[in-house]
Amino acid sequence: MAKKSLFDLYNMKKQGEKIAWLTSYDFPTAQFAEAAGLDMILVGDSLGMCVYGYNGTVPVTMDQCIQHCQAVRRGAPNTFVVGDMPFLSYQTTDADAVYNAGRFLKEADVDAVKLEGGVRVADRIRAISDAGIVAVGHIGLTPQSSGLLGGHKAQGRTADAAKLTVEDAVAVEKAGAKLILVEAVPPEVTAYITKILTIPVLSIGAGLPCDGQLLIVSDLIGQFQAFTPKFVKKYANVAEVVTNAMKEYVKDVKGSKFPADEHTYKMVAGEEEKFLKLMNGK
Ligand code: KIV
C-alpha cells in the first residue's frame, strides 16, 4: 500500500474514516505495523519505559529517539512515521526546537514530529512549522510535564479544566500544528475539540468522538508489565507467550532435548572416520 500523506489523513477526517495510529520502537514491530495496515506510527518517547525500563520519559535522549526512528523507518518504509521530541529537545529555545525537529527529518526520514504542550509551547510549534516541518501537537495529559499536572492523571474533568484543554487545542492549531493528539481527557471534551478544530484530532485515552486512535504497542500486545492505564485494551498476551516459550527452552536444555537431530549439522558421509584417524595420528 502507498504511504499516506498528510493530504490523505485530512481526506480521511473529511470522509469520517478513522485514522489508526500505533507506537513502534524497532524494526520487526514496524514491519508488523505496516503489514497490519496502520495509517501512522509514532516512535514515542514511551520507548524510555517500554524498551529501556526507565521510570518515565524524562531521561530519553535525542540520540535514542533518532536511532529508534531509523530502525522503524527501515521496517515501515511506506507508513507515515511521527518522531517524538524528547524532554529538553524543544523546551529551551525556538532554535533548539527547530534544530532537533530537523534532525528527525535529516537523520531518520520521519514525516512529522510531535511535541507536548498547548498554549505554553505554541511559539515552538510555530517555529518548527515555519521551518517547513510537520508538527503534531499533544495536549491533555502530557507525560513529560506530569509533575506540573500532579502526576499521570486524566485532564479536563471539570468545566474550568476542560476550558483550559480547549484553549490548548486552539493554540496548537493556530500555531500551525497539522495534527493534534489529545491524551486522557473525557470524550465530551474531545468531541468539542474535534468540532471546533479543522486539523485531525487523535485520541489516546480521550474516547471515541474524534478522527482516530493511538495506542502504545507494548500495551496492545501485552508486553509492558509495570502498569496498565484505564484506556488500554490488550489484544494479546505476548509476555505470557514469550515467558512460556523460554520456560520450554530451559526444560529442553536441562533434559538434553534441544538441539534435536533436525537442528544439527551433519558431517559429510565417511568424514567422521577420517577425522578420528587424523586426530589419533593414524
Ligand atoms: O511517547 C508516547 O508514546 C506518547 C504517548 C503517551 C502519547 O507520547
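As the structure lists them, so they are numbered: ligands from 1, and atoms in each ligand from 1.
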Query raised in the report: Which class fits the ring pair Tyr249 and Phe258: parallel under 30°, tilted 30 to 60°, perpendicular over 60°?
Result: perpendicular
Query raised in the report: Can you list the residues that meet the salt bridge (Lys or Arg N to Asp or Glu O under 4.0 Å) rule with Glu17, with sequence neighbours excluded?
Result: none
Query - Residues Tyr90 and Gln144: side-chain donor-acceptor under 3.5 angstrom - result: yes
Requested in this report: Report all protein residues having a heavy-atom distance below 4.0 Å to some atom of ligand 1; order the list by chain, then number.
Outcome: Thr23, Leu42, Gly44, Asp45, Ser46, Asp84, Lys114, His138, Leu181, Glu183, Ile204, Leu214, Ile216
Requested in this report: Using a 4.5 Å cut-off on heavy atoms from C-beta on, say whether the side chain of Ile139 contacts that of Thr165.
Outcome: yes
Query - Set of ring-ring contact (aromatic ring centres under 6.0 Å, His included) partners for Phe227, sequence neighbours left out - result: Phe224
**Report entry** Counterpart residues, ring-ring contact (aromatic ring centres under 6.0 Å, His included), relative to Tyr99 (two or more places apart)
**Finding:** none
